[in-house]
Amino acid sequence: MLSYQHIYHAGNLADVQKHALLAWMLAYLTRKDKPLSYIETHAGRGLYQLDAPEAVKTGEAEQGITRILAGQALAADHPLHHAISETRKQHGEAAYPGSPLIAASLLRPADSLHFAELHPQENAALRAALAPWRASVHQQDGFELAQSLAPPTPRRGLLLIDPSYEIKADYARIPGIIAKLHRKWNVGIIALWYPILKDGSHKTMLNALEAQELPGALRHEVSFPPVREGHRMVGSGMFVVNAPFGAEEEAARISALFIAAAGR
């Protein structure tokens with residue numbers, strides 16, 4: 001649980017899918033002049049340098065966001081593009097925002113931000129990255145934090161669940177966790193990211209989620225080739241409860257983005 005460090009994978013194609021849909025949903029929520037809450041269960045360090053040895057070693061960012069931006073597949077007016085540009089103005093052209101910085105850059109002073117990250121070094125880096133913003137950073141189990149906050153104040157808002165799935169039991173636990181969170185916070189948008197692996201580890205979890213018939217459910221998946229020989233991830237998925245109006249169309253645009261990028 002405490003060994004995973006996202007710097008090896010930051011900016012990969014899974015991040016592009018997750019962050020593009022997340023950024024769009026946050027931007028959509030800010031169209032109303034009403035405050036909102038944003039909660040994250042597995043935040044990571046928040047800010048990544050894609051020229052760091054760890055990122056260069058795997059080459060995942062090179063095949064992901066670097067290629068996407070070079071090919072101009074991501075529209076210049078997309079909220080994710082805005083978040084990346086703002087981050088690079090502050091931290092250099094190799095910088096890439098994790099979901100905490102994407103949220104912080106798109107949300108407003110009246111909005112409430114809560115982040116959980118257990119890894120001590122990642123937590124310290126997250127606090128440093130979020131220093132310019134008023135955000136609550138917790139060194140706590142993210143599922144416990146989400147349950148303790150639900151329903152948050154303000155009640156409008158979004159929860160991102162983004163575990164590493166190093167704990168294999170998460171696949172079985174998550175449907176029950178989401179059901180409980182939805183009962184406590186029935187107006188909240190709950191967004192779950194999951195990897196699509198060759199062994200289909202995600203399928204039982206997704207079947208259980210879909211069997212609950214949660215309102216406004218959106219399942220969006222993209223596929224891509226393994227980044228290197230022996231790599232098990234061949235796609236990325238997002239399951240969203242109470243998906244905002246227009247999210248299906250945005251998901252279709254993200255799918256088209258992946259198709260366009262694969263053709264280059």
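Atom set for the values below is all heavy atoms of this structure, side chains included, hydrogens, waters and symmetry mates excluded.
Side-chain N or O atoms of Asp111 include one that pairs as donor or acceptor with a backbone N or O of Leu36 at under 3.5 Å. In terms of modelled atom types and a separation under 3.5 Å, the side chain of Trp185 and the main chain of Arg155 share a donor-acceptor contact. Asn207 contributes a side-chain N or O that, together with a main-chain N or O of Lys203, makes up a donor-acceptor pair within less than 3.5 Å. No side-chain donor-acceptor contact under 3.5 Å links His81 to the backbone of Ala75. Between the side chain of Arg253 and the backbone N or O of Glu248 there is no donor-acceptor pair closer than 3.5 Å. With His138 contributing its side chain and Gln140 its backbone, the two residues share no donor-acceptor pair below 3.5 Å. Checked by atom type and distance alone, the side chain of Asn242 pairs as donor or acceptor with a backbone atom of Gly188 at under 3.5 Å. In this structure, the side chain of Ser37 engages the main chain of Pro154 through a donor-acceptor pair within 3.5 Å. Of the possible donor and acceptor atoms, none in the side chain of Ser223 sits under 3.5 Å from a partner among the backbone N and O of Gly235. A donor-acceptor pair under 3.5 Å is formed between the side chain of Arg108 and the backbone N or O of Lys34.
The cluster map of Ile, Leu, Val, Met, Phe, Trp and Tyr, joined by side-chain heavy atoms under 4.5 Å apart, puts Leu214 and Val240 in the same cluster. Cluster membership for Leu47 and Leu69, using ILVMFWY side-chain heavy atoms within less than 4.5 angstrom, is shared. In the hydrophobic cluster analysis, where Ile, Leu, Val, Met, Phe, Trp and Tyr join through side-chain heavy atoms closer than 4.5 angstrom, Ile39 is grouped together with Trp133.
When ring centroids are compared, His42 and Phe143 come within the 6.0 Å threshold. You'll find the ring centres of Tyr165 and Tyr171 inside the 6.0 Å limit.
The shortest side-chain heavy-atom distance between Ile189 and Leu29 falls under the 4.5 Å cut-off. Looking at Ile65 and Tyr96, their side chains come closer than 4.5 Å, going by heavy atoms from C-beta outward. The closest side-chain heavy-atom distance from Ile174 to Pro163 is below 4.5 Å. Residues Arg232 and Asp199 form a side-chain contact, since some pair of their non-hydrogen atoms from C-beta on lies under 4.5 Å apart. Between Leu22 and Tyr38 there is a side-chain heavy-atom pair separated by less than 4.5 Å. Within the 4.5 Å cutoff, no side-chain heavy atoms of Met238 are placed close to those of Leu192. Using a 4.5 Å heavy-atom cutoff, the side chains of Asn12 and Gln63 are not in contact. Using a 4.5 Å heavy-atom cutoff, the side chains of Gln147 and Leu181 are in contact.
For the pair Leu74 and Leu257, the tightest heavy-atom approach, listed with the atom from each and the gap, is CD1-CD1, 3.7 Å. Contact record, Pro175 with Ala172: CD-O, 3.6 Å, taken as the closest heavy-atom pair. Scanning all heavy atoms of the two residues, the minimum distance from Pro97 to Ile84 falls at CD-CG1, 3.9 Å. Nearest heavy atoms, Ala55 versus Gln49: CB-O, 4.1 Å. Thr58 and Tyr8 make their closest contact through OG1-O, 2.6 Å (heavy atoms, listed as atom of the first residue, atom of the second, distance). For the pair Ala247 and Leu21, the tightest heavy-atom approach, listed with the atom from each and the gap, is O-CD1, 4.4 Å.
Between Leu101 atom CG and His19 atom NE2 the span is 10.0 Å, to the nearest 0.5 Å. Rounding to the nearest 0.5 angstrom, the gap separating the CZ atom in Arg183 from the NZ atom in Lys180 is 8.0 Å. From Met25, atom CE reaches atom CG of Leu106 across 12.0 Å, with rounding to the nearest 0.5 Å. Expressed to the nearest 0.5 Å, how far CG of Leu50 lies from CZ of Arg88 amounts to 6.0 Å. We find the CG-OH distance between Leu158 and Tyr28 to be 13.0 Å, quoted to the nearest 0.5 Å. For the atom pair CD1 (Ile178) and CZ (Arg173), the distance works out to 11.5 Å, reported to the nearest 0.5 Å.
Around CD of Glu54, the count of heavy atoms belonging to other residues, nucleotides or ligands within 6.0 Å exceeds 12. A 6.0 Å sphere centred on CD of Gln139 holds more than 12 heavy atoms belonging to other residues, nucleotides or ligands. Heavy-atom contacts from other residues, nucleotides or ligands closer than 6.0 Å to NZ of Lys32 number 12 or fewer. Within a 6.0 Å sphere centred on CZ of Arg134, other residues, nucleotides and ligands contribute 12 heavy atoms or fewer. Open room surrounds CG on Asp33; 12 or fewer heavy atoms of other groups in view lie less than 6.0 Å from it.
Electrostatic pairing of Glu86 and Lys89 counts as a salt bridge here, judged by a charged N lying under 4.0 Å from a carboxylate O. Looking at Arg219 and Glu221, a side-chain N of the basic residue comes within less than 4.0 Å of a carboxylate O on the acidic one, giving a salt bridge.
No side-chain donor from either of Ser105 and His82 sits under 3.5 Å from a side-chain acceptor of the other.
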**Request:** Show your reasoning for whether side chain to side chain contact (heavy atoms under 4.5 Å, CB included) applies to Phe115 and Leu130.
**Result:** CA-CA 10 Å; Phe115 302 95; Leu130 289 170; 3.6 Å; yes
**Stepwise side chain to side chain contact (heavy atoms under 4.5 Å, CB included) test for Val234 and Leu197** = CA-CA 6 Å; Val234 292; Leu197 306 178; over 6 Å; no
**CA sep, side-chain torsions, deciding dist, call: Tyr194, Leu209, side chain to side chain contact (heavy atoms under 4.5 Å, CB included)** = CA-CA 12 Å; Tyr194 55 93; Leu209 283 167; over 6 Å; no
**Message:** Could you go through Phe258 and Ile68, starting from their C-alpha distance and side-chain angles, then the distance that decides it, and tell me whether this counts as side chain to side chain contact (heavy atoms under 4.5 Å, CB included)?
**Reply:** CA-CA 8 Å; Phe258 272 75; Ile68 293 287; 5.7 Å; no
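Shown here are the side-chain hydrogen bond (donor to acceptor under 3.5 Å, both in side chains) partners of Ser99, two or more places apart in sequence or in another chain: Glu40. The side-chain hydrogen bond (donor to acceptor under 3.5 Å, both in side chains) test applied to Asp15 returns His6, Lys18, not counting sequence neighbours. For Ser236, the side-chain contact (heavy atoms from CB on, under 4.5 Å) partners at least two apart in sequence or on another chain are Ala14, Gln17, Trp193, Val222, Phe224.
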